[in-house]
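Note sheet for the following structure.
Heavy atoms only: backbone and side chains are in, while hydrogens, waters and symmetry mates are out. Counting starts at 1 for both ligands and their atoms, in listed order. Just so you know, residue 1 is the first one in the sequence shown, and it goes up from there.
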Amino acid sequence: MSQPSPCASIVTRFAPSPTGLMHLGHAYSALFAWRLADAAGGTFHLRIEDIDPGRCRPEFEDAIIRDLTWLGLDWEQPIRRQSQRMDDYAAALDKLARMELLYPCFCTRKDIAAEIERSGAAPHLTGPGPNSSVYPGICRALDAQTRAARIADGQPHALRLHMTAATARAGPLTWHDRAQGEQTATPEYFGDVVLARKDVATSYHLAVTVDDAAQGVSLVTRGTDLFASTSIHRLLQALLDLDVPEWHHTPLLANEDGVRLAKRDRAYTLQAMREEGTNPDEIWAMAIRQIARSAGIKGGA
Ligand code: GLU
């Protein structure tokens, strides 16, 4: 793996956030991506998605590396860490700003909830989060002078994508999932998404899109909980003129009670299994069995 064959084209990645201990589901995702690359003589990257300083911890990154090494995986060096790539995200934001597709948003969660309540609009449910709602556009309407004055005043602000303008510019888009076939991108479903947070000058959607392109990832493998988000990534690729990979969204693992595995499920952490003397070879088989058991669990749970 460390010496990909010159004609190999498949590039996969595993991109965990170091916010907790990895469990069987992460092992499955990592092994899945690694094996696809390995079987094709391709390249496998480990990427640490650590943009959230409040939730990411170095000890969890250490644990990720320990667990993956225990599973027998290897990856290209150096490891890409998102916290060290803020210039790349700034460049992408700059490009979108020059296309006049971004605007500053000063709203708090409370402002947004109040506006949704006031307008009587039923929150338009989106993607993976049951409580996520489409931004009602309060700051989209601010004039240039007000925006400049509030920024000069030091008011914290996020940067949002002007979704209507962005989709008009990109035109109709499709993407291909190896498991579910050709998909029509529907990023408008998410409204004016945040591309740079108030506290961090990027967001998951922007960072993952920029990084996959920067690393030449040709096949993005990840859980079905991120299936809907792919529409946003596809749109950003079109706007930023980036290469378009294929995707393969894989089922999420659930416990015996049918509840999706979470980082807090100690019994399923790789660390616990290692300490109990589980053979790493058994992890892949266990993950496959668990998937069969979770067959009734839908991705967006
Ligand atoms: N960092 C994300 C997570 O840990 C995965 C992102 C992706 O694979 O696109 O859930």
Side-chain angles (χ1 to χ4, degrees), residues 11-37 44-58 60-65 67-68 73 75 79-85 88-89 92 127-129 132 175-179 183 185 187 190 193-195 197 200 202-237 242-253 260-265 268-270 299-301:
V11 180
T12 64
R13 51 57 162 194
F14 175 56
S17 303
T19 56
L21 291 175
M22 294 204 301
H23 55 57
L24 197 55
H26 298 105
Y28 173 68
S29 292
L31 285 162
F32 187 81
W34 182 86
R35 285 205 174 183
L36 282 172
F44 171 72
H45 291 284
L46 169 63
R47 185 167 73 229
I48 302 294
E49 302 213 324
D50 58 350
I51 58 168
D52 194 333
R55 296 177 62 226
C56 296
R57 304 250 185 285
F60 291 134
E61 182 181 325
D62 293 346
I64 288 169
I65 290 171
D67 289 343
L68 296 180
L73 271 56
W75 48 86
I79 294 174
R80 188 176 170 100
R81 287 183 184 78
Q82 291 189 326
S83 58
Q84 297 168 355
R85 294 288 170 169
D88 296 356
Y89 312 136
S132 52
W175 56 276
H176 187 259
D177 185 82
R178 281 199 177 181
Q183 306 291 320
F190 288 85
V193 285
V194 169
L195 294 187
R197 293 164 27 173
V200 187
T202 186
S203 66
Y204 160 66
H205 296 307
L206 183 73
V208 83
T209 305
V210 167
D211 286 348
D212 282 337
Q215 295 190 287
V217 173
S218 62
L219 176 60
V220 173
T221 62
R222 59 183 174 208
T224 49
D225 53 332
L226 291 168
F227 191 92
S229 298
T230 302
S231 279
I232 301 172
H233 308 167
R234 182 67 193 87
L235 173 63
L236 291 174
Q237 285 157 1
L242 303 174
D243 285 344
V244 181
E246 255 193 305
W247 283 263
H248 191 145
H249 291 88
T250 54
L252 300 173
L253 269 60
R260 183 180 147 188
L261 294 189
K263 283 178 174 162
R264 60 187 174 277
D265 285 332
Y268 287 94
T269 65
L270 299 176

Ligand 1: protein residues within heavy-atom distance under 4.0 Å: R13, A15, P16, S17, E49, Y204, V208, R222, L226
Inter-residue atom distance H248.NE2 - H176.NE2, 0.5 Å rounding: 10.5 Å
Step-by-step side-chain contact (heavy atoms from CB on, under 4.5 Å) determination, H26 to D67: CA-CA 10 Å; H26 298 105; D67 289 343; over 6 Å; no
Spacing of CD1 belonging to I64 relative to OG belonging to S17, to within rounding of 0.5 Å: 7.5 Å
Verdict with supporting geometry, Y28 and L24, side-chain contact (heavy atoms from CB on, under 4.5 Å): CA-CA 6 Å; Y28 173 68; L24 197 55; over 6 Å; no
R55: partners by side chain to side chain contact (heavy atoms under 4.5 Å, CB included), with sequence neighbours left out: T19, D52
Under-4.0 Å salt bridge between D211 and R13: no
